[in-house]
Amino acid sequence: MRDYHEFIEEVLVNETTIDERVAELGAQISRDYTGEELLIVCLLRGGITFTADLTRHLTIPHTLDCMSLSSYGVGHYASSGNVRVNLDLMTNIEGLNVLLVEDIVDSGRTLAHVLQMLKTREPKSLRVCVLLDKKYRREVPVVVDYVGFDVPDKYVFGYGIDIDEHYRHLPFIASADLSKYRKEA
Amino acid sequence: MQDYKDFLGEILIDEQSLQNRIKELAAEISRDYQGKDLLLICILRGGIVFLVDLMRHITVPLQVDFMAVSSYGAGARQSGGSVRLSLDLKTDIRSKDVLLVEDIVDSGNTIAYVLEFLQTRQPRSLRICALLDKEERRETTIPIYYRGFSIPNKFVFGYGLDLDEYYRNLPFIAVVDLEKYNPSD
């Protein structure tokens, strides 16, 4: 386990800026769903911190459910392979307003798969809220309704996002210098 | 959907007290796990908010993983009997220092099962960190190593704990006035 100071490039979004933006998103979502039934779906594991903070800024009634997905493809999550559902929703979403909460969208492949799958269950509405949008990496078109921050095509970590399963607990979002990260400690 | 103020008995633990105590727990954990290989395990869905706030204050390296359990019998998770694992850990916990992070320990039946199950995988250490301890309800002995608050045998909600799936997002722990609570409203 490396200390992140050894490979951090820069803090892209600091704690205060995240808090403020998450509060804004919470207010916006509360306005948009006033008078509606809302189900928040947290995509594990990266989405937990964002979900826990975002929902605390919601002023409207809502329920919470979680999904865990992985890719059938080799290598990283963002591969082109199909999506495997490790943990499905407990909630039947037919007729519900569903808001998918995700930490980051890059190629959009996983998200596109999940959206397609959930649509077959006929929710009343289905939207996406992501904290970080890595637009330049998009390979498939996917509509993201609420975006926290646009981020450059860098290797990011913190605030729920891991590098090799570590550093999720850091309260800010930073970019890693991969050449330094990979260098043996 | 009732406004929680319609059936709020009392606020048992306010936001500031929760956050202060969580910081203390995190400091204690950070001291105890210096140089260890810490893995936090969260049992979905109630424990997410506590997990997220707790891990942000932990200063030692850590990993996070999730489990989802449900009961084979009808009724609630606390009902006893066998427990079905609906989402298993992604991480092999052998030789890891595992800390099970729970929102509340009630009868202790579910957690007893989970502990026994995790023990078979031979972690280096296995401890429980529970935000709330409702000891009066205990039906089996559970060693709680890190305890947030001991609470009376009352129906509580907020800070991850739901009432019929709602109100998880409230930043405090409150007691329900059951005479005023009407879930069909």
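Every chain is numbered from 1, with letters handed out A, B, ... down the list of sequences.
Interface residue A:D53: only side-chain heavy atoms are found under 4.5 Å from chain B. Heavy atoms of A:T63 lying under 4.5 Å from chain B belong to its backbone as well as its side chain. Residue contact with chain B, scored on non-hydrogen atoms closer than 4.5 Å, involves the backbone of A:Y167 exclusively. Using a 4.5 Å cut-off between heavy atoms, B:Y4 does not touch chain A at all.
For A:R45 against B:V64, the heavy-atom pair with the smallest separation is NH1-O, 3.2 Å. The nearest pair of heavy atoms linking B:I58 to A:H169 is O-CD2, 3.2 Å.
The choice from B:Q63, B:R168, B:E165 that makes the most heavy-atom pairs within less than 4.5 Å of chain A is B:Q63. The most heavy-atom pairs under 4.5 Å with chain B, out of A:E37, A:H62, A:H57, come from A:H62. No other option in B:L170, B:D65, B:L51, B:D162 has as many heavy-atom pairs under 4.5 Å with chain A as B:D65. For the set A:P61, A:P171, A:G158, the entry with the most heavy-atom pairs within less than 4.5 Å of chain B is A:P61. The candidate from B:T59, B:D53, B:D37 with the greatest count of non-hydrogen atom pairs under 4.5 Å with chain A is B:D53.
Residues B:I48 and A:T51 are not in side-chain contact: their nearest non-hydrogen atoms beyond the backbone lie 4.5 Å or more apart. When side chains are defined from C-beta on, A:I48 counts as touching B:F66, because their heavy atoms get closer than 4.5 Å. Taking 4.5 Å as the limit, some side-chain heavy atom of A:R56 sits within range of a side-chain heavy atom of B:V49.
Annotation: B:E10, atom CD; neighbour count of heavy atoms from other residues, nucleotides and ligands within 6.0 Å is above 12. Under a cut-off of 6.0 angstrom, the local environment of CD in A:E10 is crowded, with over 12 non-hydrogen atoms contributed by other residues, nucleotides or ligands.
Within the 3.5 Å criterion, the main-chain N or O of A:L58 finds a donor-acceptor partner in the side chain of B:N169. Formation of a donor-acceptor pair under 3.5 Å by the B:R45 side chain with backbone atoms of A:L64 is found in this model.
Ion pair A:E165/B:K90 flagged as a salt bridge, since at least one NZ, NE, NH1 or NH2 atom sits closer than 4.0 Å to an Asp/Glu carboxylate oxygen.
Linking ILVMFWY side-chain heavy atoms closer than 4.5 Å, directly or via other members, places A:L69 and A:M90 in two distinct hydrophobic clusters. No continuous path of hydrophobic side-chain contacts links A:V140 to A:L111 [ILVMFWY only; heavy atoms under 4.5 Å]. A:V143 and A:V98 fall into different hydrophobic clusters, where Ile, Leu, Val, Met, Phe, Trp and Tyr side chains are chained together by heavy-atom contacts under 4.5 Å.
Interatomic distance, B:L87 CG to A:M67 CE, rounded to the nearest 0.5 Å: 11.5 Å. Atom SG of residue B:C42 and atom CG of residue A:L44 lie 8.5 Å apart, to the nearest 0.5 angstrom.
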